[in-house]
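The block underneath contains the structure these notes are about, expressed in structure tokens.
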Amino acid sequence: AQSVTQLDSQVPVFEEAPVELRCNYSSSVSVYLFWYVQYPNQGLQLLLKYLSGSTLVKGINGFEAEFNKSQTSFHLRKPSVHISDTAEYFCAAGYVNTGFQKLVFGTGTRLLVSP
Amino acid sequence: GAVVSQHPSWVICKSGTSVKIECRSLDFQATTMFWYRQFPKQSLMLMATSNEGSKATYEQGVEKDKFLINHASLTLSTLTVTSAHPEDSSFYICSARGDRGLGGYTFGSGTRLTVV
């Protein structure tokens with residue numbers, strides 16, 4: 001069965017420091033990858049997605065992610081975080097065997113930015 | 001573009017009653033809608049997938065008679081939690097996908113259900 005792994009349940013970081021949130025997915029011939037952000041008691045907001053093409057994907061709020069097929073990873077990065085980036089971040093994947101219909105979510109990483 | 005409105009944002013109901021949650025795509029036609037459940041500090045668990053005009057496909061372990069899903073039009077899907085119990089208390093989120101190509105998922109803002 002397909003799976004998405006986010007190894008870090010929580011990542012504390014100081015404001016203006018760089019951050020990387022890790023995501024690994026189970027290998028597949030074809031996969032679409034997403035990063036979402038969730039603020040308390042809210043739905044999910046798309047940060048960025050990889051469908052095809054360039055492996056470096058730039059998203060909103062200064063985030064970017066790199067698709068690495070050999071390592072089956074899609075890590076999220078930001079060079080300088082703000083207090084307002086404190087939130088829960090979910091990595092998700094869509095697989096070809098479900099017609100890319102369903103998304104498989106990771107367990108989430110809570111990013112805690114402190115002054 | 002691509003806005004999904006979910007209503008209500010929160011609801012408190014008595015045990016044994018039913019609660020309906022609406023999910024509307026405001027500026028696109030949602031051929032497929034997804035309903036998720038999220039427990040505190042956990043990830044999203046897909047409950048069911050619904051296509052307009054057909055019966056929903058439920059994930060394993062989800063009681064279809066308890067969680068009734070209706071996708072009667074291309075812009076509206078509803079989730080009804082029937083005979084709610086305290087263990088049904090959770091955060092429910094819908095997601096809609098239209099014809100904007102693969103990868104076009106838009107999420108609603110979620111509904112916090114508390115059953116007392």
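Throughout, protein chains are lettered first and strands after them, A, B, ... in sequence-line order, and every chain is numbered starting at 1. These numbers come from the heavy atoms of this one structure, side chains and all, not from hydrogens, waters or symmetry mates.
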Joint hydrophobic cluster, A:F74 plus A:L76, side-chain heavy atoms closer than 4.5 Å
yes
Part of A:Q45 lying under 4.5 Å from any heavy atom of chain B:
neither
Given that the side chain runs from C-beta out, which part of B:Q6 has a heavy atom under 4.5 Å from chain A: side chain, backbone, both or neither?
neither
Would you say A:V57 and A:V4 are hydrophobically clustered, going by side-chain heavy atoms of ILVMFWY under 4.5 Å?
yes
Residues which pass side chain to side chain contact (heavy atoms under 4.5 Å, CB included) with A:P12, listed by chain and number, not counting sequence neighbours:
none
Chain B contact via A:F105 - side chain, backbone, both or neither, heavy atoms under 4.5 Å:
both
Would you please test B:Y105 and A:K102 for side-chain contact (heavy atoms from CB on, under 4.5 Å) and show each step?
CA-CA 10 Å; B:Y105 304 88; A:K102 303 183 208 179; over 6 Å; no
Kindly work out whether a path of hydrophobic side-chain contacts (I/L/V/M/F/W/Y, heavy atoms less than 4.5 Å apart) joins B:V19 to B:I93.
no
Is there a continuous path of hydrophobic side-chain contacts, each under 4.5 Å between heavy atoms, that joins B:V115 to B:M45?
yes
Taking a hydrophobic cluster as the set of Ile, Leu, Val, Met, Phe, Trp and Tyr residues connected by side-chain heavy atoms closer than 4.5 Å, whether directly or through intermediates, do B:F34 and B:F39 fall within one such cluster?
no
I'd like to check B:Y36 versus A:L44 (side-chain heavy atoms, cut-off strictly below 4.5 Å). Are they in contact?
no
Determine which residues belonging to residues 60-87 of chain B lie within contact range of chain A, meaning some heavy atom pair is under 4.5 Å apart, and list them by number or answer 'none'.
none
For residues 13-24 of chain A, please give each side-chain donor-acceptor pair under 3.5 Å, one per line with the distance, not counting sequence neighbours.
from  : atom 1 : to    : atom 2 : distance (Å)
A:E20 : OE2    : A:R77 : NE     : 2.8
A:E20 : OE2    : A:R77 : NH2    : 3.4
A:R22 : NE     : A:D8  : OD2    : 3.1
A:R22 : NH2    : A:D8  : OD1    : 2.9
A:R22 : NH2    : A:D8  : OD2    : 3.4
A:N24 : ND2    : A:Q71 : O      : 3.3
A:N24 : ND2    : A:T72 : O      : 3.2

Kindly determine whether B:F91 and A:Q38 satisfy side-chain contact (heavy atoms from CB on, under 4.5 Å), including the steps that lead there.
CA-CA 12 Å; B:F91 194 59; A:Q38 184 181 36; 3.7 Å; yes
Nearest-0.5 Å distance, CG of residue A:N41 to OG1 of residue B:T111:
11.0 Å
Hey, which residues of residues 106-115 of chain A are touching chain B, say heavy atoms under 4.5 Å apart?
A:G106, A:T107
Heavy-atom distance under 4.5 Å between the side chains of A:L46 and B:T106, does that happen here?
no
When rounded to the nearest 0.5 angstrom, what distance separates OH in A:Y36 from OG in B:S95?
6.0 Å
